Amino acid sequence: MTQERYNPQEIEIKWQKRWAESKAFACSNTSDKPKYYVLEMFPYPSGNLHMGHVRNYSIGDVLARAKRMQGFNVLHPIGWDAFGLPAENAAIKHNTHPADWTYANIDNMRAQMKRLGFSYDWDRETATCRPEYYRWEQLFFLKLLEKGLAYRKKSAQNWCPSCHTVLANEQVIDGKCWRCDTPVEQKDLEQWFLRITAYADELLKDLDLLKGGWPDRVLAMQHNWIGRSEGAEVRFDLEKPVDGADHIDVFTTRPDTLFGASFIVMAPEHPLAARLIKGSPDEASITAFIDHVRNMDRIERQSDTLEKEGVFTGAYALHPLTGRRVPIWLGNFVISTYGTGAVMSVAAHDQRDFDFARKYHLPIIQVISPDGKAHNTDEWTEAHAEPGVLVNSGEYDGTPSLKAKELITEKLESLGKGKKKTQFRLRDWNISRQRYWGAPIPVVYCEKCGVVPEKPENLPILLPLHVKTEPDGKSPLPKTESFYKCTCPKCGGPARRETDTMDTFVESSWYFARYTSARNDKAAFDMDALRYWLPVDQYIGGVEHAILHLLYSRFFTKALRDLGFYPENLDEPFRRLLTQGMVLLDGSKMSKSKGNIVNPTEMIDRYGADTVRLFCLFAAPPERDFDWTESGIEGASRFLQRIWRLFHENRSILKTARGCSSTAEDCVTPEARDLRGREHATVKKAGEDMGLRNQFNTAISAIMELVNAMYTYRDKMGDSEGERNVFSSAMATVITTLSPITPHICEELWERLGHTSHLAGDPWPTYDEKAMVKDTQTIALQVNGKLRGTMEAPTGADKKTLEDLALATEQIRRFTKDLTIRKVIVVPGKIVNVVAK
RNA sequence: GCGAAAGUGGCGGAACUGGUAGACGCCCUGGACUUAGGAUCCAGUGCUUUAUGCGUGGGGGUUCAAAUCCCCCCUUUCGCACCA
């Protein structure tokens, strides 16, 4: 028997061409069908797709294709996160321009994506470095500025000396730059911020809306990052006011322990520190301490082994309720940017304060007690942080600590010495970047008017392309006169344009919305399109963005909603989030430096795109990491060849059929009936696994079982019409259900089966529960809970029948012959368990 | 330390509401066809002392019945980490 060999290269190119010609995956913003928006995190155009991309985009593509077949109007777009530092570095290295490098990379990666057969609506492709895109971002910035959600301030910022730019707090990982791992430094700079903290409460509260749709750990990470704590801000008056200041504010979550506050510790960076020590005999040594702490790098300062160190300023504050003198210290463990940068120390009930007090021989006063009695704290070896009742607290003695929190806060409020306060760990987002390849911030600095926003009609402020990138890696913008020299939009006088550009995370905070009306040049979005498509139904990407991109996008969504750009009821951008695992090789992450790379292009050349996609999805469930193995991809390839062979070896008897098209009357043999049942079960299982559970590996294994069953069936098949109908229908089902995963081979076989329409636009088969019902069921037989055999019983047999049948079996008799039967438990369709003694 | 997730054959992994543990694939073994096989097909494949035996990280518990529910412990991975 001669047959055509499976030639993936030829087939795949053929179908990719056809899909492109017919715009098979372009979707409309209006439809009677329910909508489904599936999105994968768009890539940075680094030049080549890696296996992580292939896995990410394969998962999204299966969903998109499956949902299309299942009757949804599917939006499945792609674009390019095209601004960013690597383009500048590459430009320097290869003596080219960041734009040229970026666009060339996009062309290459787009071709790779097309070669993988991803079903994107290419008409909606966007690149964030194009003015048609970033002009809207500049408009958002102006509106944010107008609303006070963007502002400028000078403060200590994270500086990456290697990237020559500042970083937001979220972009500093373990004290190092998220991009290049260089330890960050602190630098005082005037920068642009977005007021993400204005949404801190909502960002936290709305995590509840995402429960069930997002992985718990991502929710937990965001929860921790936002870091809400409730407590009180307490005012301690200075015993001797210093120039311009008469008090210190502290933040505490334990106002109930206020009577135990025996000293205050300020961060060395606290603005009051220098003034407090002025004129002190120890001024020189204290200043040396401040400089010492400030000069420590961030990693050292935050390490858990850092010894607590402090110095006494010589100054005292007065306890707000008792008037007691409280010494003011400086300590290296107090964080200047959290709360007020100063804490009241209650050594008895806080471990850090306890350690500090022991080291510097400061008083440890117990004010909370489990038994209502005060104890000698000299014998304590650690702080007691748990709640109890108050002692040593004047009128509050005997009050439970929870109640005391309220009472003491109220008391402070009535005295004007404090107030209830909610504190967040989250800080505002610094979006200024001292880089060239980014979106210009649309403001100018006028000699007369100061900081002046551009007029919206002057947008876009174009990033100049005719600049030379300097080998020192610094942005050329401050040296490009044609760019920075401008006129003030307000007074028309001479002005200097802002030369910092925006953090590229700003572009990725709204790109998913732009896809809904990607070609609109009159407005950022078409409101009707937003209302129809948003939120994204399923978002897919790496967990490395659990905080960064996902938090910024959530914030931006709320802000754009309040600015009127988004629908008023759009609170969250991504309804469901799937964080896919990594593709490993030999148990470790693939990396160029380690040289353990599997190149997707090479794999496509060797096995074809369908096999690569199949293996990526079959090897493990999507959230889990998986190891790339040669034998694994061989197995995937073998399966496709097995289908190819099954089809062609039986081509002469195959009819042009659809899935689930055979009838009960066709089942002239038990085998036919069985195969038809399996076919329907496969449609059900694969449909649920692909469309609802996102368990592609089990969907594939179900289809493999059907193929195996077809091989067995074929050997016994007679030549009746009915038997052939059953076989043809099963073949159509294999082709249809597998098509979201391996679309090319399935389109090809579909065509060879005699169909003239694209499989990609065809409906998913409809299964019939009745077809899955068999005459008999296998019932497990247990004695005292242990499996002792099985029996075949008529489907739907009642408890009594099953019990009688079971007790009559040889297995049950054998295992109960010396015992007395006490009880028989029957679960119809499942088991009979005989309890005997 | 805090938080989250996960521990199932030689390996990747199934088992959806407690009801035949190990689907599917890989590896391996034997056979068939072959000049040949790293192709293909067929069969086998949790462990062992082959038993009314053992078995889902370990130990208890609930139940007729537990990978699944409850309690205690161990290990691994990830995230946060002096946030007052």
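Keep in mind that the numbers below use all heavy atoms, side chains included, and drop hydrogens, waters and symmetry copies. Numbered from 1 within each chain, the chains take letters A, B, ... in sequence-line order. What you see is a predicted model; the values in this text were computed from it and never measured.
Nucleotides G38(B) and U29(B), compared at atom P, are 11 Å apart to the nearest Å. Annotation: G3(B) and U8(B) have their P atoms spaced 25 Å apart (nearest Å). For C71(B) and G25(B), the P atoms lie 39 Å apart once the distance is rounded to whole Å.
Using a 4.0 Å cut-off between a side-chain N of Lys or Arg and a carboxylate O of Asp or Glu, E233(A) and R235(A) do not qualify as a salt bridge. Here D804(A) pairs with K800(A) in a salt bridge; the nearest charged N to carboxylate O distance falls below 4.0 Å.
Rounded to whole angstrom, the span from the CZ atom of F615(A) across to the C1' atom of G25(B) amounts to 10 Å. Note: CG (D625(A)) to P (A6(B)) measures 14 Å, nearest angstrom. For the pair I831(A) CD1 and U63(B) P, the computed distance is 17 Å after rounding to whole Å. Distance E705(A) CD to C24(B) C1': 6 Å, rounded to the nearest Å. To the nearest angstrom, P of G25(B) lies 6 Å from CE of M704(A). In this entry the distance linking CE of M582(A) with P of U77(B) reads 12 Å, nearest Å. Separating the CD1 atom of I700(A) from the P atom of C26(B) is a distance of 13 Å, rounded to the nearest angstrom.
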Please write out each protein N/O paired with an N/O of nucleotides 46-55 of chain B under 3.5 Å, distance rounded to 0.1 Å.
residue	atom	partner	partner atom	Å
G53(B)	OP2	R788(A)	NH1	3.4

For nucleotides 14-18 of chain B, which of its nitrogen or oxygen atoms have a protein nitrogen or oxygen under 3.5 Å away, and what is each distance?
residue	atom	partner	partner atom	Å
A14(B)	OP1	N697(A)	ND2	3.4
A15(B)	OP1	R693(A)	NH2	3.2

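With E170(A) as the fixed residue, the side-chain hydrogen bond (donor to acceptor under 3.5 Å, both in side chains) test singles out one of W178(A), W429(A), W225(A): W225(A).
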Secondary structure of RNA chain B per the Watson-Crick/G-U criterion (both distances under 3.5 Å; [ ] crossing, | other strand, . unpaired) is (((((((..(((......[....))).(((((.......))))).(((..).))..(((((..]....))))))))))))....
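Between C27(B), A84(B), C41(B), one nucleotide has an atom nearer to the side chain of R638(A) than all others, and that is C27(B). Closest to the F618(A) side chain, of the nucleotides A84(B), G25(B), G3(B), is G25(B). Closest to the side chain of R217(A), out of C41(B), C78(B), C64(B), is C78(B). Closest to the side chain of V343(A), from the set C41(B), U20(B), A84(B), is A84(B). Considering only side-chain atoms of R425(A), the nucleotide from U40(B), C80(B), C64(B) that sits closest is C80(B).
A donor-acceptor contact under 3.5 Å is formed by the side chain of N833(A) with the base of C64(B).
Classification of G38(B) as anti follows from a glycosidic angle more than 90° from 0.
Proximity of R5(A) to Q641(A): side-chain heavy atoms (C-beta onward) are separated by under 4.5 Å at one or more points. In this structure the side chain of F815(A) never reaches within 4.5 angstrom of the side chain of L781(A), judged on heavy atoms.
Both cation-pi conditions hold for K308(A) and F333(A): the charged atom is under 6.0 angstrom from the six-membered ring centre and inside a 45 degree cone around its axis.
Within the 4.0 angstrom heavy-atom criterion, base atoms lie near V827(A).
With hydrogens and angles ignored, the 3.5 Å screen pairs a side-chain donor or acceptor of R613(A) with a backbone N or O of I741(A).
Annotation: F626(A) is in aromatic contact with F615(A) [ring centroid separation under 6.0 Å].
For the pair S229(A) and V543(A), both in contact range of RNA chain B, the more 5′-proximal nearest nucleotide belongs to V543(A).
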